[in-house]
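Heads up, the thing below is written out as structure tokens.
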Amino acid sequence: MPNWTIRRAEKKDAAALADCCDAAYSIYAPRIADLPAVSDGFEDDSERNVVWVAARDNRVIGGLVLLPKEDHVVLANVAIDPSATGAGLGRAFMDLAEAETRKLGHEKLRLSTHVDMSENVQLYEHLGWYEIGRSGNKVHMEKSLKQSSGIGSSKHRR
């Protein structure tokens, strides 16, 4: 049983979520010079988008930001504090992202990640995502939720 809980974010969570996000991405800062600001705008996100936080002992240790679009949902951010990695929280957030996408009536999730985060690209591919393009330093990926084929699938459905 996990030692964390996931709940919808509130405006008051913005600073803690930003701190969590900064901690999560800090491992990339030494090797990615053009890493974008990843912790800006959480206060607005909680009002305009679908934002979830994970907490342990009343401390935010993870966050998920989803942006509903006309025909898909964008997974804008998923961040896990380094102190909470390996506990299944990332997988729980990915499952939640899929469930929320279906709940919103969509069958596609999209995301962009940094080209120098090759381990993330590999992880997403392992989870059934596939690359749909690149622009600048971004790798754009998609996952079809139609008859989702689960972990390790290489089937590309559009």
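Here the structure is a predicted model, which is why all the values come from computation and not from measurement.
- The heavy-atom pair separating Ala23 from Pro82 by the smallest distance is O-CG, 3.4 Å.
- The shortest side-chain heavy-atom distance between Val51 and Leu17 falls under the 4.5 Å cut-off.
- If you take NE2 on His72 and CD on Glu107, they are separated by 13.5 Å, rounding to the nearest 0.5 Å.
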* Asked: Can you check salt bridge (Lys or Arg N to Asp or Glu O under 4.0 Å) on Asp81 and Arg59, steps first, answer last?
  -> CA-CA 10 Å; Asp81 186 280; Arg59 181 176 161 259; 3.1 Å; yes
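- Rounding to the nearest 0.5 angstrom, the gap separating the CD1 atom in Ile61 from the CH2 atom in Trp4 is 8.0 Å.
- In this structure, Asp13 contributes its side chain and Glu10 its backbone to a donor-acceptor pair below 3.5 Å.
- Across every non-hydrogen atom of Ala9 and Val53, the tightest pair is CB-CG1, 3.8 Å.
- Val60 and Val78 are assigned to two separate hydrophobic clusters, defined by single-linkage of ILVMFWY side chains at heavy-atom distances under 4.5 Å.
- Val50 is listed as a side-chain neighbour of Arg8, based on a closest heavy-atom distance under 4.5 Å.
- Arg31 contributes a side-chain N or O that, together with a main-chain N or O of Asp116, makes up a donor-acceptor pair within less than 3.5 Å.
- Of the possible polar contacts, one joining the Lys143 side chain to the Leu127 backbone as a donor-acceptor pair under 3.5 Å is found.
- A distance of 12.5 Å separates OH in Tyr130 from CD in Glu125, rounded to the nearest 0.5 Å.
- Put simply, the side chain of Glu131 does not reach to within 4.5 Å of the side chain of Tyr124, judged on heavy atoms.
- Atom CG in Leu64 sits 11.0 Å away from atom CG in Asn49 (nearest 0.5 Å).
- Other residues, nucleotides and ligands contribute more than 12 heavy atoms inside 6.0 Å of the CG atom of Asn3.
- Note that CE of Met94 is 7.0 Å distant from CG of Leu109, once rounded to the nearest 0.5 Å.
- The shortest side-chain heavy-atom distance between Leu145 and Arg102 falls under the 4.5 Å cut-off.
- Applying the ring-ring contact (aromatic ring centres under 6.0 Å, His included) test to pairs two or more places apart or on separate chains, none has a residue in residues 89-115.
- Looking at heavy atoms from C-beta onward, Leu75 lies in side-chain contact with Trp129 at the 4.5 angstrom threshold.
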For this session: Could you walk me through whether Thr113 and Val121 pass side chain to side chain contact (heavy atoms under 4.5 Å, CB included), step by step?
Result: CA-CA 7 Å; Thr113 190; Val121 173; 3.7 Å; yes
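- Scanning both residues, Ser26 and Pro30, for their nearest heavy atoms gives O-CD, 3.3 Å.
- Proximity of Arg110 to Ile132: side-chain heavy atoms (C-beta onward) are separated by under 4.5 Å at one or more points.
- To the nearest 0.5 angstrom, Thr85 atom OG1 is 8.5 Å from Ile80 atom CD1.
- Between Lys108 and Thr101 the shortest side-chain heavy-atom distance does not fall below 4.5 Å.
- Of all heavy-atom pairs between Tyr25 and Ala79, the closest is CE1-CB, 4.1 Å.
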